[in-house]
*Asks:* 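Here's a structure for you.
Numbers restart at 1 for each chain; the letters A, B, ... are given by sequence-line order, proteins then strands. Computed from a prediction, not measured in an experiment: that's the story for all the values here. Side chains are part of it too, since the values below use all heavy atoms of this structure and drop only hydrogens, waters and symmetry mates.
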Amino acid sequence: MSEATEKPNYKKTVNLPKTQFPMKANLLQNEAQSIKRWDKMGLYQKLREQGNKKPKGRFVFHDGPPYANGSIHLGHLMNKCLKDFVVRSRTVMGWDVPYVPGWDCHGLPIEHKVMTGLVESGKIKKLMDLDEDKRRVAVRRECQSNAEKFQKLQAGQMQRLLTLADYEDPYLTMQPRYEREVLEVLGDLCREGLVYRALKPVHWSVDNETALAEAELEYYDREDLSVFVDFECADADDVYGRFGLTGDDRPQTKPSLMIWTTTPWTLPANMAVAVNEKYEYALVRVDGNITVMASGLVEQVTKQAKSESVEVLATTTGGKLVGVRYKSPLRDDVPPADGPVDKVWSVVQADYVTLEDGTGLVHTATGHGADDYQTGLREGIGVYCPVKGDGTYDDTVPEWLRGMHVFKANSLVADRLGESGHLFHSNKFMHSYPHDWRSKGPVIFRATEQWFVGVDRPTKREDKTLRELAMEQTESGVEYIPAWGKNRMRGMLESRPDWCVSRQRAWGLPIPSFTLPSGESFMTEAVVRAVAKVVGEKGSDAWFTMEAGDLLAHYDASSDSEAPESVRTGQVKPLDLKKGRDILDVWFESGSSWNAVMRERSGGKDFPVDLYLEGSDQHRGWFQASLVASLGSMGVPPYKALLTHGFMVNKDGKKLSKSSGDTIEELFKEFGADVLRWWVSSLAYENDVKVDHEFFKGAGESYRKVRNTIRFVLSNLDGFDVQKDGVSLDAIEPTSLEAWVLSELDALTDRVTDAYEQYQFKTVQTAVYNFCNDTLSSVYLAAVKDRLYCDEVDSPRRRRTQTALYQIADQLSRLLAPVLCHTADEAYRSLTGDDEACVHLLEVLPKSGVKVSEAWAAATEARDAGLLALEASKEQGIENPLDAGVTLPDAKGLLAQLDVTDLADLMGVSEVTLNASIEKPVVHDLRDRPRCERSWKRDGTVRERSDGGMLSDRDARALGLE
RNA sequence: UCACGAGUAGCUCAUUUGGAAGAGCAUCGAGUUGAUAACUCGACGGUAGCCGGUUCAAAUCCGGUCUCGUCAACCA
């Protein structure tokens with residue numbers, strides 16, 4: 001008889017883990033199945049039906065609309081995942097969280113792309129034959145289908161990201177009902193007296209022929225020509241007098257005022273020269289010419305121009321120079337501005353004149369600069385802008401400049417000044433300069449008639465300006481997460497200018513203003529509301545297809561006290577009016593979403609919104625646009641809290657370039673949505689976030705760790721029926737291993753739900769990962785393996801363990817559901833064995849409340865010490881922990897309250913004994929003892945049994961052997 | 001230049017009000033082969049950007065400085 005054949009094969013008698021839950025996630029395929037399953041069951045709608053039963057009520061969260069153009073990118077990935085974590089975590093914690101996704105559909109990026117396409121395909125020629133309105137409608141059609149196409153593409157990608165939202169009924173800023181509500185907000189602002197039309201210099205794109213908002217500018221380096229120019233004084237004696245020169249002291253040469261500018265093309269539009277009254281100015285003879293500049297800059301300027309002889313003849317203060325009259329070096333006729341002729345071409349005072357650059361005398365073109373405009377306004381100098389929308393001069397400039405593009409004019413102007421002897425010095429230099437975010441071309445400052453929302457005009461309602469209201473609410477009305485957002489917002493509100501809300505394009509919501517036969521524009525609250533009604537019914541195309549009279553069908557001029565007299569009295573009829581040509585700034589549209597989406601859809605109850613969540617750039621964009629619009633309209637902010645996240649940068653901390661890196665589609669394919677979501681949950685999103693392919697791999701690794709841990713838990717619940725086989729949680733003794741692990745689970749529940757509530761998803765991720773990796777995989781699961789495998793299937797100890805495992809798997813699925821929404825659902829269905837089950841309809845379980853003995857704190861410490869001792873004993877040849885026994889110190893008698901088998905299993909050794917009078921664990925070599933052929937333990941009870949095998953008492957009992 | 005933020009182990013980040021510098025990953029070494037494209041144990045690794053101050057005690061508070069990022073402004 002050979003031993004090998006006689007010995008029973010105990011492996012078959014061991015309860016080895018078994019599960020359908022695979023190690024390989026195969027997310028690419030399985031996530032697609034999950035999406036189908038959730039769609040089929042109508043998950044979003046089901047949750048809304050549960051809504052009124054939710055214990056914590058409604059949490060109103062509002063999606064900021066991404067632009068409906070192109071594929072989603074990494075920035076969207078982070079933004080949309082964070083938003084989904086909010087929606088799903090609030091849901092799983094007992095709130096009802098309706099969530100309407102939105103898209104920003106109007107605007108230049110789409111129109112620009114469409115126009116480019118029309119030019120390339122040659123279709124543009126046909127359009128040019130149409131009249132203005134028809135052409136615009138045709139372009140708008142193209143834009144609309146373009147926006148629809150990308151909205152659908154992005155919606156699909158967002159769903160592929162497993163985000164939960166009302167994709168059946170999203171909001172699009174081009175929907176008629178949305179447009180109507182935007183106009184209602186505009187009407188509110190008119191009511192408050194905040195909307196006005198004015199000639200004002202604005203950032204102007206010459207490529208796209210439109211005004212641009214701050215948010216539509218990008219800064220690039222640009223080489224420009226800077227020139228020092230002498231403006232000849234009109235009355236030499238007057239100037240010399242101001243410098244205190246008398247009689248013979250006065251030079252024969254006529255004096256000039258030296259100005260410096262980096263935009264020579266604005267010189268034909270010069271209206272004044274500004275000085276600062278507090279500085280000292282010098283009359284200087286430079287290489288034979290007499291000129292004036294700030295004393296403090298004489299050396300710098302003449303050095304730069306390599307002047308050979310420099311002599312200061314006299315000095316005076318800036319204040320004394322105010323009123324000096326001069327001649328334009330470029331033109332003889334006074335520019336035809338909208339102000340008095342006698343104000344043009346004299347020296348004025350301005351605080352913003354500094355001695356950092358230039359000459360201390362500032363060329364002022366009221367139609368081409370914000371400061372210049374303000375100065376002109378104060379001094380009563382007219383605004384003059386001889387530049388047309390396409391960037392060329394009109395006919396009011398000297399003949400040699402007419403029709404020329406301003407950027408070409410730069411060098412020509414300099415040449416001309418050189419020839420006439422007015423150019424003192426010129427040089428090229430690099431500086432960053434604003435550019436059109438779409439065309440990437442440089443922008444200019446150009447005075448145009450625009451519609452504005454005034455931030456420094458008092459509202460009729462509370463007699464406070466929007467700036468005051470915004471500052472107040474920023475200070476105390478809105479919660480900022482993280483807190484520094486408040487400072488950012490405050491800084492931006494302090495310095496923001498009036499809001500230019502008009503654009504001269506086709507693809508947008510028309511501003512419902514009208515022009516009288518006299519040429520005057522007007523727009524009143526009643527006009528806006530009348531048009532809003534039409535737009536709500538027919539869409540904003542109606543503006544282009546309908547006549548003024550029809551658009552104003554709901555307008556009663558006689559009762560509109562704000563209307564011009566001629567309209568109110570019926571002298572001018574709606575039929576006589578011409579429609580305005582401007583459309584609204586898209587930021588005004590998205591900035592009205594709180595009204596067009598949240599108030600409109602909820603009948604008012606979802607306003608103000610609990611939370612807005614966007615990237616930190618939106619302090620200038622959507623956050624601010626929404627705040628200003630809502631304060632004007634409602635007098636309160638549209639949101640109670642603002643959560644901001646940083647931007648994606650590459651692994652060197654540099655700005656992410658759009659062309660490099662992985663596309664979303666590649667990422668889905670390689671990693672799957674759950675891994676991407678897991679990665680997002682690991683981010684310290686309040687700062688800038690580094691992205692690299694390696695980081696996704698890392699997220700994949702830790703995802704697999706969590707997945708495998710859950711898999712192992714599930715695999716030990718094979719055949720376990722929690723109803724039938726589970727033990728009551730109340731019956732779990734505080735000294736049992738299960739009491740310990742369930743108390744750890746309770747702690748995890750607290751930590752995770754707290755973190756979710758504070759939007760600390762990283763904390764959630766770390767806590768769950770550590771629980772799986774440490775509490776479960778390394779400690780608890782390692783300890784209970786023996787009893788799960790080797791105890792009698794039905795033993796109370798094994799059933800108690802399985803009860804804990806079930807509780808763990810159940811709760812982990814729920815805690816993870818907001819982040820790993822596919823995997824958590826997969827695990828939950830595997831756990832319950834019910835393929836129709838869905839974890840997303842459930843909430844986090846209440847804590848088990850199991851009481852745990854204090855001895856467990858001592859036990860985990862003892863375990864650490866024991867493992868170190870075991871490591872040391874490897875040198876003595878005890879390499880397998882089951883070959884060892886350990887005597888643990890137990891001075892306080894705490895460990896004595898516990899089961900020594902539990903302690904042994906915690907360290908994976910065969911036996912633990914306790915000793916109150918030792919300090920450090922002692923390892924015993926048990927290799928002489930017989931080894932149980934089933935459990936491989938050397939626990940001292942192993943002997944030959946009736947089947948001929950060497951078994952411990954426990955294993956013999958499990959097999960029904962003596 | 002302005003505002004806001006960030007500099008802690010090779011990498012990603014914790015260290016909540018000042019109280020013995022901690023994880024994970026990576027690297028290296030070992031165990032296990034009944035979670036096996038899995039699991040366990042251990043080791044290595046830091047002058048907390050730099051300088052100064054307050055304090056019994058500073059990653060933490062204060063002042064200065066350097067670097068990086070975002071936003072804005074570089075205008076005349």
*Asks:* So does Lys697(A) get a side-chain nitrogen or oxygen closer than 4.0 Å to the phosphate oxygens (OP1/OP2) of rA26(B)?
*Replies:*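 No, because none of the side-chain N or O atoms of Lys697(A) sits under 4.0 Å from OP1 or OP2 of rA26(B).
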
*Asks:* Rounded off to whole Å, could you give me the CD-to-P distance for the Gln618(A) and rU70(B) pair?
*Replies:*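 Going from Gln618(A) (CD) to rU70(B) (P), I get 16 Å.
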
*Asks:* Is any side-chain nitrogen or oxygen of Tyr769(A) closer than 4.0 Å to OP1 or OP2 of rA23(B)?
*Replies:*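 It does not, given that no N or O in the side chain of Tyr769(A) lies less than 4.0 Å from OP1 or OP2 of rA23(B).
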
*Asks:* In this structure, how many angstroms lie between the P atom of rC41(B) and the CD1 atom of Ile878(A), rounded?
*Replies:*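 Rounded to whole Å, this separation is 19 Å.
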
*Asks:* Mind checking whether Tyr433(A) and His435(A) have parallel, tilted or perpendicular rings, split at 30° and 60°?
*Replies:*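 If you compare the ring of Tyr433(A) with that of His435(A), the planes turn out perpendicular.
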
*Asks:* Scan nucleotides 5-12 of chain B against the protein and return all N/O pairs shorter than 3.5 Å with their distances rounded to 0.1 Å.
*Replies:*
unit_1, atom_1, unit_2, atom_2, d
rU12(B), OP1, Lys690(A), NZ, 2.9

*Asks:* Taking ring-ring contact (aromatic ring centres under 6.0 Å, His included) as the definition, give me every residue that meets it alongside Phe761(A), ordered by chain and number, with sequence neighbours left out.
*Replies:*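 Phe761(A) satisfies ring-ring contact (aromatic ring centres under 6.0 Å, His included) with Phe85(A) only.
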
*Asks:* Mind checking the C1' distance from rC51(B) to rU67(B)? Whole angstroms is fine.
*Replies:* 15 Å

*Asks:* Just name whichever nucleotide pairs with rU27(B), Watson-Crick or G-U, keeping both distances under 3.5 Å, else none.
*Replies:*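 By the stated definition (distances under 3.5 Å), rA43(B) pairs with rU27(B).
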
*Asks:* Return the 5'-most residue of the pair Asp688(A), Arg704(A) with respect to RNA chain B, ranking by each residue's nearest nucleotide.
*Replies:* Arg704(A)

*Asks:* Reading RNA chain B from 5' onward, which residue's closest nucleotide shows up sooner: Leu868(A) or Thr261(A)?
*Replies:*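 Nearest nucleotide further toward 5': that of Leu868(A).
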
*Asks:* Regarding Ser778(A), tell me which of base, sugar-phosphate or nothing describes its non-hydrogen contacts under 4.0 Å with the strands shown.
*Replies:* sugar-phosphate

*Asks:* Picking from rG42(B), rG69(B), rA35(B), which would you name as closest to the side chain of Asn708(A)?
*Replies:*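 So the side chain of Asn708(A) is nearest to rA35(B).
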
*Asks:* Hey, can you pull the residues of residues 19-26 of chain A with a non-hydrogen atom under 4.0 angstrom from RNA chain B?
*Replies:*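 By residue number: Met23(A).
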
*Asks:* Treat primed atoms plus P, OP1 and OP2 as sugar-phosphate and everything else as base, then score nucleotides 27-34 of chain B 5' to 3': B for base contact with protein heavy atoms under 4.0 Å, S for sugar-phosphate contact only, - for none.
*Replies:* --BBSS-B

*Asks:* Distance check, C1' atoms only: rG18(B) and rC56(B), in whole angstrom units.
*Replies:*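 Pairwise C1' distance, rG18(B) against rC56(B), rounds to 12 Å.
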
*Asks:* Taking OH from Tyr480(A) and P from rC4(B), how many angstroms apart are they, rounded to a whole number?
*Replies:* 14 Å

*Asks:* Tell me: CG of Leu776(A) to P of rC39(B), nearest whole Å?
*Replies:*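 Result: 13 Å.
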
*Asks:* Applying ring-ring contact (aromatic ring centres under 6.0 Å, His included), can you list everything that pairs with Trp678(A), at least two apart in sequence or on another chain?
*Replies:*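 ring-ring contact (aromatic ring centres under 6.0 Å, His included) check on Trp678(A) returns nothing, list empty.
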
*Asks:* In whole angstrom, what separates Gln765(A)'s CD from rA23(B)'s P?
*Replies:*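 Going from Gln765(A) (CD) to rA23(B) (P), I get 18 Å.
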
*Asks:* Taking only side-chain N and O atoms of Arg863(A), does any of them lie within less than 4.0 angstrom of OP1 or OP2 on rC41(B)?
*Replies:* yes

*Asks:* Using a 4.0 Å heavy-atom cut-off, does Lys12(A) contact any base of the nucleic acid, only the sugar-phosphate backbone, or nothing at all?
*Replies:* nothing

*Asks:* When you measure only distances, ignoring hydrogens and angles, does the side chain of Thr709(A) come within 3.5 Å of the base of rA35(B) through a donor and an acceptor?
*Replies:* no

*Asks:* Of all residues at least two apart in sequence or in a different chain, which pass the salt bridge (Lys or Arg N to Asp or Glu O under 4.0 Å) check with Arg954(A)?
*Replies:*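 Checked Arg954(A) against salt bridge (Lys or Arg N to Asp or Glu O under 4.0 Å); matches are Asp786(A), Asp791(A).
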
*Asks:* Donor-acceptor pairs are to be reported for all side-chain atoms of residues 870-877 of chain A against protein atoms at under 3.5 Å, with residues two or more places apart or in another chain.
*Replies:*
unit_1, atom_1, unit_2, atom_2, d
Glu871(A), OE1, Lys874(A), NZ, 3.3
Ser873(A), OG, Leu870(A), O, 2.7

*Asks:* Mind checking the P distance from rG7(B) to rA48(B)? Whole angstroms is fine.
*Replies:* 14 Å

*Asks:* How far does the P atom of rG5(B) sit from the matching atom of rC75(B), given to the nearest Å?
*Replies:*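 These two P atoms come out 27 Å apart once rounded.
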
*Asks:* Name the nucleic acid region contacted by Arg711(A), choosing base, sugar-phosphate or nothing; use a 4.0 angstrom heavy-atom cut-off, strictly under.
*Replies:*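 Sugar-phosphate, no base atom in range.
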
*Asks:* Is Gln802(A) reaching over with its side chain to a backbone N or O of Leu717(A), donor-acceptor style, under 3.5 angstrom?
*Replies:* no

*Asks:* When both hydrogen-bonding distances must be under 3.5 Å and the geometry is Watson-Crick or G-U wobble, what is rA20(B) paired with, if anything?
*Replies:* none

*Asks:* Between rG69(B) and rG24(B), how far apart are the two C1' atoms, rounded to whole Å?
*Replies:* 25 Å

*Asks:* According to the Watson-Crick and G-U wobble definitions, with both distances under 3.5 Å, which nucleotide is paired to rU1(B)?
*Replies:*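 Looking at the geometry, rU1(B) pairs with rA72(B).
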
*Asks:* Write down the distance between CH2 (Trp260(A)) and P (rC75(B)), rounded to a whole number of angstrom.
*Replies:* 6 Å

*Asks:* Write down the partner of rU60(B) under the Watson-Crick or G-U wobble criteria, each distance required to be under 3.5 Å.
*Replies:* none

*Asks:* Side-chain N or O of Thr262(A) versus OP1/OP2 of rA76(B): is the shortest distance under 4.0 Å?
*Replies:*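 Yes, Thr262(A) has a side-chain N/O under 4.0 Å of OP1/OP2 on rA76(B).
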
*Asks:* List the residues meeting side chain to side chain contact (heavy atoms under 4.5 Å, CB included) with Leu28(A), not counting sequence neighbours, and say none if there are none.
*Replies:*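 Per chain and number, Leu28(A) pairs via side chain to side chain contact (heavy atoms under 4.5 Å, CB included) with Arg160(A), Lys669(A).
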
*Asks:* Report the residue from Thr263(A), Thr261(A), Asn270(A) that forms a side chain to side chain donor-acceptor pair (under 3.5 Å) with His363(A).
*Replies:* Asn270(A)

*Asks:* Using the ring-ring contact (aromatic ring centres under 6.0 Å, His included) criterion, which residues pair with His645(A)? Sequence neighbours excluded.
*Replies:*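 Partners of His645(A) by the ring-ring contact (aromatic ring centres under 6.0 Å, His included) criterion come out as none, since no residue qualifies.
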
*Asks:* Under 3.5 Å for both donor-acceptor distances, Watson-Crick or wobble: does rU32(B) have a partner, and if so which one?
*Replies:*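 Check on rU32(B): unpaired, no WC or wobble geometry under 3.5 Å.
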
*Asks:* Can you find a side chain N or O atom of Thr263(A) that sits less than 4.0 Å from OP1 or OP2 on rA76(B)?
*Replies:* yes

*Asks:* Excluding sequence neighbours, so at least two apart, what forms ring-ring contact (aromatic ring centres under 6.0 Å, His included) with Tyr373(A)?
*Replies:* none

*Asks:* Any salt bridge (Lys or Arg N to Asp or Glu O under 4.0 Å) pairs touching residues 14-26 of chain A, not counting sequence neighbours?
*Replies:*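 Sorted result for residues 14-26 of chain A: empty, none.
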
*Asks:* Think Thr266(A) has a side-chain N or O under 4.0 angstrom from the OP1 or OP2 of rA76(B)?
*Replies:*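 No, outside the criterion.
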
*Asks:* Sequence neighbours left out, what passes salt bridge (Lys or Arg N to Asp or Glu O under 4.0 Å) with Asp955(A)? Give chain and number order.
*Replies:*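 Asp955(A) satisfies salt bridge (Lys or Arg N to Asp or Glu O under 4.0 Å) with Arg934(A) once adjacent residues are dropped.
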
*Asks:* According to the Watson-Crick and G-U wobble definitions, with both distances under 3.5 Å, which nucleotide is paired to rU54(B)?
*Replies:*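 rU54(B) is paired with nothing.
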
*Asks:* Given atom CG of Asp617(A) and atom P of rC4(B), what is their separation to the nearest angstrom?
*Replies:*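 Result: 18 Å.
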
*Asks:* Rounded to whole angstroms, how far apart are CG on Asn773(A) and P on rA35(B)?
*Replies:* 16 Å

*Asks:* At what distance, to the nearest 0.5 angstrom, does OG1 of Thr291(A) lie from CG of Asp230(A)?
*Replies:* 4.0 Å

*Asks:* Counting N and O atoms only, with roles assigned by atom type, does the side chain of Ser715(A) sit under 3.5 Å from a partner on the main chain of Pro17(A), one being a donor and the other an acceptor?
*Replies:*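 The answer is no, because no donor-acceptor pair under 3.5 Å joins these two groups.
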
*Asks:* Any side-chain N or O of Arg751(A) less than 4.0 Å from the OP1 or OP2 oxygen of rA14(B)?
*Replies:* no

*Asks:* Taking the same atom, P, in rA23(B) and in rC4(B), what whole-Å distance lies between them?
*Replies:*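 That atom pair is separated by 36 Å.
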
*Asks:* rA48(B) pairs with which nucleotide, Watson-Crick or G-U wobble, both distances below 3.5 Å?
*Replies:* none

*Asks:* Do the ring planes of Trp679(A) and Phe696(A) sit parallel (below 30°), tilted (30 to 60°) or perpendicular (above 60°)?
*Replies:*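 Rings of Trp679(A) and Phe696(A): tilted, 30 to 60°.
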
*Asks:* In Watson-Crick or G-U wobble terms, both distances under 3.5 Å, what is the partner of rU8(B)?
*Replies:* none

*Asks:* If we take the C1' atom in both rG22(B) and rU60(B), what is their distance in whole Å?
*Replies:* 15 Å

